[in-house]
Amino acid sequence: MEHLQSNIIEGKLLNPGMGTYNNKKITVFGANRSGIAIAILLHGNGAKISITDSRKKDELSDELRQLNELEIDFFLGGHSEDCIKDSDLIVVSPGVPLDIPILEKAKQDGIKILGELEVAARHCPAPIIAITGTKGKSTTTLLTAAILEKCNIFNSVVVAGNIGVPLSSKITELTPKDICVVEVSSFQLETTKLFCPLVSVVLNLSRDHLDRHGTMEAYFTAKSKICKNQTESEWIVLNITDEYERRFAENTYAQKTYFSDDINSHTSSNNWIKDKASRIGAELRIKNEKIGLYSLNHGRANYVCDTEELPLAGAHNIRNVLAAIVVGTILGIQPSIMRKALLDFTRTHPALEHAFEKVATINGVDYINDSKATNVIATNAALESIDRISMDQQYSKRVILIMGGYDKGNDYSSLVEPIQRHVKSLILLGEHTHNIQTTFNDCCNIDHVSKMDQAVELAEDISDHGDIVLLSPANASFDMYSDYKARGEAFKKAVLDLS
């Protein structure tokens, strides 16, 4: 491990740079944070930049202000063919679908199309830890960064990517003695070609974003690009309790490491990873009637902390912590240092807002904001966490669940059993709730509302002391709100208005 740390610091495991862009004509699609950041980076490397966006100039005044002093051509209010004329390269922001007509024409014209993550990573002088999954990316990214910051191996630890800070905005600040922990989404990964992180982490995989990817297979293919270019010099961290993880393991040359929160079976005894994994991992073990988190390192199980000591609520967060522990173990960080980092961890980062966030307790009823649960696996994780609380306190059927929103191609069937077990009343918010209604008709009482304050007021009316009102929509927010944050803020305001 000391040799690995030395190699990282000396820059021997880094992605190659792309060289100069002098006089290359590059068109950036999307004037959002990622588009602006990559435009600034490439302009600084000598490229001639054009930016195109479907929004009009008056809708982008704040964004474009950052580019006032740069010589950049703008094609706003739509994507005309002029925006790609004579382009040497197109760089797309994550939110831009690859099947829009102008990009289809660019493909026919033979223009190379890359994503912001791909281009930024090729310029990155520091090693990259890349974290993906359907649920838990932001939390695991921040937990991993906290562990790396505590070990004092690196000059600085940079958090970037889908968490709200484009990697391209940090490139000029980085050196080979730094390290980047990057949250990566399927939208970012589908436009990568040579992306090769030092460590890739795959937390889980479940149906999501099928409105964009079309099929679960296409979604998996996009996610699998996180490890496509990894070699035996790199590592991948996998969740052995997730059904898709076997396919990631079979489609990469990276060294396999694993984590598991199943206290009934140790990682070393799992049949499908025998003889395939390096002897590094993390798991739960029971000792002295307490459940502890352990790092596994070449035959030794090293105690890190007890689950009850973790500052993050929710059973799903135990898996996130285990994944972060594996990364720390790969980099040779001592369990005592990881323990200190985990116990000092706080929810202060904006990315952790609206993620199983307790808002208030009113008349003995807990109100939990999980607006960030934009897919079924996230809502399942929230109910799983309630499940453990219920077993401890011998409660059942005490959850009033608020669901609904923009359906991205969800299959709700996996929620039937937990909803039957724990949800006393289901409140459906918005107009696009037919599929939810159909799935859960026989599970519990169902009500419909059109506004968030109506949902919260109804939840208060039907709740009893000891109940939990949980906003965990299992859907995106675009039917009613600009994003999940706006939806979460609406919930919090409605709850605080009660008190």
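Worth saying up front: this structure is predicted, and the values here are computed from it rather than measured. When a residue number appears, it is its place in the shown sequence, counting from 1. Worth knowing before you read on, the calculation uses all heavy atoms, side chains too, and leaves out hydrogens, waters and symmetry mates.
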Undergrad: Would you indicate whether the side-chain heavy atoms of Y244 and V202 approach each other to under 4.5 Å?
TA: no
Undergrad: Only one of T438, L428, D407, I427 forms a side chain to side chain contact (heavy atoms under 4.5 Å, CB included) with T433, so which one is it?
TA: L428
Undergrad: Is the backbone N or O of A120 less than 3.5 Å from a side-chain atom of S168, with the two atoms forming a donor-acceptor pair by type?
TA: no
Undergrad: Below 3.5 Å, can you tabulate the donor-acceptor pairs from side chains in residues 484-492 to any protein atom, sequence neighbours excluded?
TA:
{"residue": "R487", "atom": "NE", "partner": "S371", "partner atom": "OG", "Å": "3.0"}
{"residue": "R487", "atom": "NH1", "partner": "N475", "partner atom": "O", "Å": "3.1"}
{"residue": "R487", "atom": "NH1", "partner": "A476", "partner atom": "O", "Å": "3.2"}
{"residue": "R487", "atom": "NH2", "partner": "S371", "partner atom": "O", "Å": "2.8"}
{"residue": "R487", "atom": "NH2", "partner": "N475", "partner atom": "O", "Å": "3.0"}
{"residue": "E489", "atom": "OE2", "partner": "H354", "partner atom": "NE2", "Å": "3.4"}
{"residue": "K492", "atom": "NZ", "partner": "E357", "partner atom": "OE2", "Å": "3.3"}

Undergrad: CD1/I226 to OG1/T252 distance, rounded to the nearest 0.5 angstrom?
TA: 10.0 Å
Undergrad: Using the side chain to side chain donor-acceptor pair (under 3.5 Å) rule, take D411 and S413 through it: C-alpha gap first, then chi angles, then the decisive distance, then the call.
TA: CA-CA 6 Å; D411 176 1; S413 59; 2.9 Å; yes
Undergrad: Can you tell me how far the CD1 atom of I402 sits from the CD1 atom of I368, to the nearest 0.5 Å?
TA: 11.5 Å
Undergrad: Start with the C-alpha distance between V423 and L383, add both sets of side-chain angles, then the distance that settles side-chain contact (heavy atoms from CB on, under 4.5 Å), and finish with yes or no.
TA: CA-CA 9 Å; V423 175; L383 290 172; 4.1 Å; yes
Undergrad: Between N204 (side chain only) and K135 (backbone N and O only), is there a donor and an acceptor less than 3.5 Å apart?
TA: yes
Undergrad: Give me the one residue out of V469, L415, I419 that meets side chain to side chain contact (heavy atoms under 4.5 Å, CB included) with L401.
TA: I419
Undergrad: Heavy atoms, side chains only, cut-off 4.5 Å: are V376 and S414 in contact?
TA: yes
Undergrad: Determine, stepwise, if the pair L142 / I163 fulfils side-chain contact (heavy atoms from CB on, under 4.5 Å).
TA: CA-CA 9 Å; L142 294 171; I163 203 164; 3.8 Å; yes
Undergrad: Show, in sequence, the C-alpha distance, side-chain angles and deciding distance for I113 and K107, and conclude whether the side-chain contact (heavy atoms from CB on, under 4.5 Å) test is met.
TA: CA-CA 8 Å; I113 301 173; K107 295 173 192 174; 3.8 Å; yes
Undergrad: How would you list, by chain and number, every residue that makes a side-chain hydrogen bond (donor to acceptor under 3.5 Å, both in side chains) with K372, sequence neighbours excluded?
TA: S138
Undergrad: Determine yes or no for a side-chain-to-main-chain donor-acceptor pair under 3.5 angstrom, with T192 supplying the side chain and L189 the backbone.
TA: yes
Undergrad: Is there a side-chain contact between V416 and F440 in this structure, where contact means two heavy atoms from C-beta onward sitting under 4.5 Å apart?
TA: yes
Undergrad: What is the distance from atom OG1 of T52 to atom CG of L76, rounded to the nearest 0.5 Å?
TA: 7.0 Å
Undergrad: What is the minimum heavy-atom distance between V182 and G161, and which atoms define it?
TA: CG1-CA, 3.8 Å
Undergrad: Quick one: side chains of residues 64-74, donor-acceptor pairs under 3.5 Å with protein atoms, not counting sequence neighbours, listed by atom name and distance.
TA:
{"residue": "R65", "atom": "NH1", "partner": "D62", "partner atom": "OD1", "Å": "3.1"}
{"residue": "N68", "atom": "ND2", "partner": "R65", "partner atom": "O", "Å": "3.4"}

Undergrad: Enumerate donor-acceptor pairs with a distance under 3.5 Å from any side-chain N or O in residues 445-459 to protein atoms, sequence neighbours excluded.
TA:
{"residue": "N445", "atom": "ND2", "partner": "S425", "partner atom": "OG", "Å": "3.3"}
{"residue": "N445", "atom": "ND2", "partner": "D447", "partner atom": "OD2", "Å": "3.0"}
{"residue": "H448", "atom": "NE2", "partner": "Q437", "partner atom": "OE1", "Å": "2.5"}
{"residue": "S450", "atom": "OG", "partner": "Q454", "partner atom": "OE1", "Å": "3.1"}
{"residue": "Q454", "atom": "OE1", "partner": "S450", "partner atom": "N", "Å": "3.1"}
{"residue": "Q454", "atom": "OE1", "partner": "K451", "partner atom": "N", "Å": "3.2"}

Undergrad: Just to verify, what does K493 make a side-chain hydrogen bond (donor to acceptor under 3.5 Å, both in side chains) with, not counting sequence neighbours?
TA: D497
Undergrad: Using a distance-only test with no angle check, is there a side-chain donor-acceptor pair under 3.5 angstrom linking N32 and S93?
TA: yes
Undergrad: Would you name the heavy atoms of T379 and P473 that are closest together and state the gap between them?
TA: OG1-C, 4.1 Å
Undergrad: For S477 versus S482, what's the shortest heavy-atom pair and its separation?
TA: OG-C, 4.2 Å
Undergrad: Between the main-chain N or O of R247 and the side-chain N or O of N251, is there a donor-acceptor pair closer than 3.5 Å?
TA: yes
Undergrad: With a 4.5 Å heavy-atom cut-off, do Q188 and F195 have their side chains touching?
TA: no
Undergrad: Is there side-chain contact between P418 and N380, with at least one heavy-atom pair below 4.5 Å?
TA: yes
Undergrad: Return the CE to CG distance between M403 and L471, rounded to the nearest 0.5 Å.
TA: 10.5 Å
Undergrad: Do you know the tightest heavy-atom contact between V159 and A145?
TA: CG2-CB, 3.4 Å
Undergrad: Counting distance only, does the side-chain N/O of T257 pair as donor-acceptor with the main-chain N or O of I236 below 3.5 Å?
TA: yes
Undergrad: Between T175 and D178, do the side chains contain an N or O donor and an N or O acceptor separated by less than 3.5 Å?
TA: yes
Undergrad: Less than 4.5 Å apart, any side-chain heavy atom of L89 and any of K24?
TA: no
Undergrad: Look only at the side chain of D53 and the backbone of R55, and say whether a donor-acceptor pair between them is shorter than 3.5 Å.
TA: yes
Undergrad: With sequence neighbours left out, write down each residue that passes salt bridge (charged side-chain N to carboxylate O under 4.0 Å, His left out) with D109, or none if nothing qualifies.
TA: K105
Undergrad: L174 and C180: side-chain contact (heavy atoms from CB on, under 4.5 Å), yes or no, with the steps?
TA: CA-CA 9 Å; L174 294 168; C180 298; 3.4 Å; yes
Undergrad: Does this structure show an ion pair linking E384 with R319, if we count only N-O contacts that are shorter than 4.0 Å?
TA: yes
Undergrad: Heavy-atom count check: over 12 atoms from other residues, nucleotides or ligands less than 6.0 Å from K25 NZ?
TA: yes
Undergrad: Using a 3.5 Å distance criterion without hydrogens, assess whether the side chain of N317 forms a donor-acceptor pair with backbone atoms of L312.
TA: no
Undergrad: Could you tell me whether the side chain of L426 reaches within less than 4.5 Å of the side chain of I436, counting heavy atoms only?
TA: yes
Undergrad: Is the F29 ring parallel, tilted or perpendicular to the H79 ring (thresholds 30°, 60°)?
TA: tilted
Undergrad: Closest approach of E190 and A222, non-hydrogen atoms and distance?
TA: CB-CB, 3.9 Å
Undergrad: For residues P311 and T346, determine if any side-chain heavy atom of one lies less than 4.5 Å from a side-chain heavy atom of the other.
TA: no
Undergrad: Looking at L103 and L98, what are the two nearest heavy atoms and their distance?
TA: CB-O, 3.7 Å
Undergrad: Are the side chain of Q230 and the backbone N or O of P197 linked by a donor-acceptor pair below 3.5 Å?
TA: yes
Undergrad: Verify the distance criterion only: is there a donor paired with an acceptor across the side chains of T241 and N239 at less than 3.5 Å?
TA: yes
Undergrad: So how far is it from I129 CD1 to I147 CD1, rounded to the nearest 0.5 Å?
TA: 11.0 Å
Undergrad: How long is the straight-line distance from CD of E116 back to CD1 of I36, given to the nearest 0.5 Å?
TA: 11.5 Å
Undergrad: Any sub-3.5 Å donor-acceptor pair from E245's side-chain atoms to L238's backbone N or O?
TA: no
Undergrad: Is there a donor-acceptor pair closer than 3.5 Å between any side-chain N or O of D479 and the backbone N or O of H432?
TA: no
